[in-house]
**Student:** 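Submitted below is the structure of interest, expressed as structure tokens.
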2 protein chains.
Amino acid sequence: MSNLALGSTDLNTTMTWCCQPLGKEELSAADSEKIAAMFKALSDPVRLRLFSRIAARPGGEACVCDIQDVGVSQPTVSHHLRKLREAGLLESERRASWVYYCVAPGVLAAMAGLLSQTS
Amino acid sequence: MSNLALGSTDLNTTMTWCCQPLGKEELSAADSEKIAAMFKALSDPVRLRLFSRIAARPGGEACVCDIQDVGVSQPTVSHHLRKLREAGLLESERRASWVYYCVAPGVLAAMAGLLSQTS
DNA sequence: CAAATGATTTGATGACTGTCAACATAGAGG
DNA sequence: CCTCTATGTTGACAGTCATCAAATCATTTG
């Protein structure tokens, strides 16, 4: 199994099709599963904070060592970063000793589109 | 305890202060708790579907009986609607025999603001 | 190679959550 | 008052999750 640019789930493909605002038309059962998974990834305070720390970084990327002081152990930080990556919200890349995480392209726009107003 | 226009949590007050985009500056521990609770409310497929059904309704409101066929039992629907209300995303009002739910004002805009792009 | 540093994985545990059946409440209409 | 319909509440249970300690993997450096 590769360890570079570790793959995300199919959420990026999700982005390309389900960007209809939530209030535009009723969600199908299948779509609601995928979108709920996205929100779920951001439904934990620690994960949300990690995500924000990365997103707020100039360049939109950060080394784990730069963001891991969020009040939980380092393995727990790693666990949350993995969840965010598996949800398609982050991507990771190893450079020498360090692993860098960045916000997956298009993710913020897709989520904002889901919540945009219709009226 | 009153049963009309059942009160929501302090999430509507949350909306008024924490609308800085996630990627603008790092979230504080306190803010991340409140915002995560918001995402958590939408992190379940059934809840997301109920929310979408209500939001997609002309007028932005729906009677429980109109939206409860989402594949789970009626008590479970009631349980999820309560969660959404407690999270500040929905408001409810009884009219005769029926209870109507509507999207809390400002909620969609606040969440969209959180996810808006900075660059 | 050996030691040190940065990060992930594994295993265990306590807490939380979605679900349903059964019961309770509220209003409408006989 | 009684019954019927529409919702909400309680209690129980199985599954999921966040967390940490310990072990492991990856890279750099002595």
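So you know, we letter chains A, B, ... as the sequences are listed, proteins then strands, and number each from 1.
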**Student:** Tell me which nucleotide among C:dT8, D:dA18, D:dT28 gets nearest to the side chain of A:S97.
**Tutor:** D:dT28
**Student:** Please determine, for the side chain of B:V46, which listed nucleotide (D:dG8, C:dT19, C:dC20) has the closest atom?
**Tutor:** C:dT19
**Student:** Tell me whether the side-chain N/O atoms of A:S78 come closer than 4.0 Å to OP1 or OP2 in C:dT8.
**Tutor:** yes
**Student:** Which of these nucleotides, C:dG27, C:dC20, D:dT7, is closest to any side-chain atom of B:A96?
**Tutor:** C:dG27
**Student:** Using atom OH of B:Y100 as one end and atom P of C:dA26 as the other, report the distance to the nearest whole Å.
**Tutor:** 20 Å
**Student:** Closest-nucleotide mapping onto DNA chain D: is B:V64 or A:V72 further toward the 5' terminus? I mean the 5' end.
**Tutor:** B:V64
**Student:** Using whole Å, report how far OH of A:Y101 lies from C1' of C:dG6.
**Tutor:** 12 Å
**Student:** Closer than 4.0 Å, any side-chain N/O of A:T76 to the OP1 or OP2 of D:dA18?
**Tutor:** no
**Student:** What nucleotide, of D:dT16, D:dT7, C:dC20, holds the atom closest to the side chain of A:K40?
**Tutor:**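 The answer is D:dT16.
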**Student:** Measure from the side-chain heavy atoms of A:K83 and tell me the nearest of D:dC17, D:dT7, C:dG18.
**Tutor:** D:dC17
**Student:** Whole angstrom is fine here: how far is it from CG in A:D44 over to C1' in C:dT17?
**Tutor:** 14 Å
**Student:** Answer yes when A:R57 and A:E61 have at least one side-chain N-carboxylate O distance shorter than 4.0 Å, and no when they do not.
**Tutor:** no
**Student:** Output the rounded distance in Å from NE2 (A:H80) to P (C:dT9).
**Tutor:**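 Answer to the nearest Å: 14 Å.
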**Student:** Can you figure out which of C:dT19, C:dA7, D:dT7 approaches the side chain of B:Q68 most closely?
**Tutor:** D:dT7
**Student:** Using a cut-off of strictly less than 4.0 Å, decide whether A:R47 has a side-chain nitrogen or oxygen near OP1 or OP2 of D:dA18.
**Tutor:**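 Yes, A:R47 has a side-chain N/O under 4.0 Å of OP1/OP2 on D:dA18.
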**Student:** Using a cut-off of less than 4.0 Å, is there contact between a side-chain N or O of A:S73 and OP1 or OP2 of D:dC20?
**Tutor:** yes
**Student:** Once you round it to whole Å, what is the distance between P of C:dT17 and CZ of B:F39?
**Tutor:**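 In whole Å, C:dT17 P lies 17 Å from B:F39 CZ.
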**Student:** Taking N or O atoms only and anything under 3.5 Å, show me the protein contacts with nucleotides 22-25 of chain C, one pair per line.
**Tutor:**
none

**Student:** Hey, is A:D44 close enough to B:K40 for a salt bridge, meaning N to O under 4.0 Å?
**Tutor:**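 Looking at A:D44 and B:K40, the cut-off is not met.
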**Student:** Any carboxylate oxygen within less than 4.0 angstrom of a Lys/Arg side-chain nitrogen, looking at A:D69 and A:R49?
**Tutor:**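 Here A:D69 does not pair with A:R49 in a salt bridge, since their nearest N and O are not under 4.0 Å apart.
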**Student:** Nearest-Å distance, CG (B:L90) to P (D:dT7)?
**Tutor:** 15 Å
**Student:** Remember a base hit wins even if backbone is also touched, and classify A:H79 as base, sugar-phosphate or nothing at under 4.0 Å, heavy atoms.
**Tutor:**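 Base, at least one base atom sits under 4.0 Å.
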**Student:** A:L81 CG to D:dA18 P: how many Å, rounded?
**Tutor:**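 For the pair A:L81 CG and D:dA18 P, the rounded distance is 13 Å.
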**Student:** Nearest whole angstrom, please: distance from the P of D:dT19 to the CZ of A:R49.
**Tutor:**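 The answer, rounded to whole Å, is 12 Å.
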